[in-house]
Amino acid sequence: MSSTAPPAMPLPRRGWGRFGRIVLYGLLGVAALLAIAFWYVNTESFADHVRAKLIEVLTTATGGRVELAKFRWHPLELEAEVDGLTIHGLEAPGEVPYAHVDTLRVRAKIIDAFKAQVGLRLLQVEHPV
């Protein structure tokens, strides 16, 4: 008598396991990118970039020379604080500048992220000249 084993049943395919791993790695990648972005917006390098962009925008808008003593940026609160903002126009040396603000604090709010609409929640100006 010969003993023959029954044919082995093929194991079911595990396609969902592979798909689940792909989704998991994708989510981990997105989380890592968000963590890196969060870290970068809190660096001095990014604050300097925003400061330079602010000076550029104010220079273009006013046509004057802009000085900025100190700039602080709080990205999670969407808040910026500027100290010693001076805009020079065509005044002679020794005259009062076109505009000067000791402290300017701005806090924004996101109205619609998909349409890139931002509103102004707070605008605080101290000692404008």
Side-chain angles (χ1 to χ4, degrees):
M1 203 157 135
S2 74
S3 68
T4 58
M9 297 290 289
L11 294 175
R13 296 194 66 193
R14 296 185 46 161
W16 284 107
R18 177 181 286 171
F19 176 74
R21 277 183 284 161
I22 291 171
V23 169
L24 177 65
Y25 292 146
L27 289 175
L28 288 175
V30 168
L33 288 175
L34 287 174
I36 290 169
F38 175 74
W39 167 79
Y40 179 65
V41 299
N42 286 303
T43 61
E44 287 295 320
S45 172
F46 185 76
D48 290 341
H49 175 72
V50 172
R51 180 182 189 274
K53 199 62 152 170
L54 177 64
I55 291 172
E56 178 185 326
V57 167
L58 288 174
T59 300
T60 303
T62 62
R65 184 173 50 89
V66 177
E67 294 176 3
L68 201 59
K70 189 186 275 187
F71 177 78
R72 286 181 297 285
W73 167 251
H74 307 284
L76 287 180
E77 289 115 23
L78 296 176
E79 182 178 79
E81 190 171 337
V82 174
D83 291 336
L85 173 63
T86 305
I87 301 173
H88 295 282
L90 300 175
E91 73 273 357
E95 290 185 7
V96 177
Y98 178 70
H100 176 78
V101 174
D102 284 345
T103 303
L104 173 70
R105 183 174 294 126
V106 177
R107 188 175 300 152
K109 63 181 176 181
I110 297 174
I111 295 173
D112 190 351
F114 296 111
K115 295 181 181 178
Q117 291 180 341
V118 179
L120 195 59
R121 178 176 290 167
L122 171 74
L123 177 62
Q124 184 178 12
V125 181
E126 294 179 11
H127 306 280
V129 177

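- In this structure, CZ in F46 is found 11.0 Å from CG in D48, a value given to the nearest 0.5 Å.
- Within the 4.5 Å cutoff, side-chain heavy atoms of P97 are placed close to those of E91.
- No single ILVMFWY cluster, assembled from side-chain heavy atoms under 4.5 Å apart, contains both L34 and I36.
- Annotation: side chain of L76 is in contact with side chain of F38 (closest heavy-atom distance under 4.5 Å).
- Annotation: side chain of V66 is in contact with side chain of L85 (closest heavy-atom distance under 4.5 Å).
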Verdict with reasoning, V129 to V96, per side chain to side chain contact (heavy atoms under 4.5 Å, CB included): CA-CA 8 Å; V129 177; V96 177; 3.8 Å; yes

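- Under the 4.5 Å side-chain criterion, counting only non-hydrogen atoms from C-beta, Y40 is in contact with S45.
- Taking CD of E77 as the start and NE2 of H74 as the end, the distance is 6.5 Å to the nearest 0.5 Å.
- Just one of L54, L104, T86, I87 meets the side chain to side chain contact (heavy atoms under 4.5 Å, CB included) condition when paired with L68; it is L54.
- Under the 4.5 Å side-chain heavy-atom criterion for grouping Ile, Leu, Val, Met, Phe, Trp and Tyr, I110 is not connected to W73 through any hydrophobic cluster.
- Taking CD of E44 as the start and CZ of R51 as the end, the distance is 11.0 Å to the nearest 0.5 Å.
- Each of V125, L120, V82 was scored for a side chain to side chain contact (heavy atoms under 4.5 Å, CB included) with V106, with one residue passing: L120.
- There is a path of hydrophobic side-chain contacts, each under 4.5 Å, that joins L123 to V101.
- The CZ atom of R65 lies 13.5 Å from the CG atom of L58; values are rounded to the nearest 0.5 Å.
- To the nearest 0.5 Å, atoms OG1 (T43) and NE2 (H49) are separated by 10.5 Å.
- Residue R105 is tested with E79, E126, E81 for a side-chain hydrogen bond (donor to acceptor under 3.5 Å, both in side chains); the sole match is E81.
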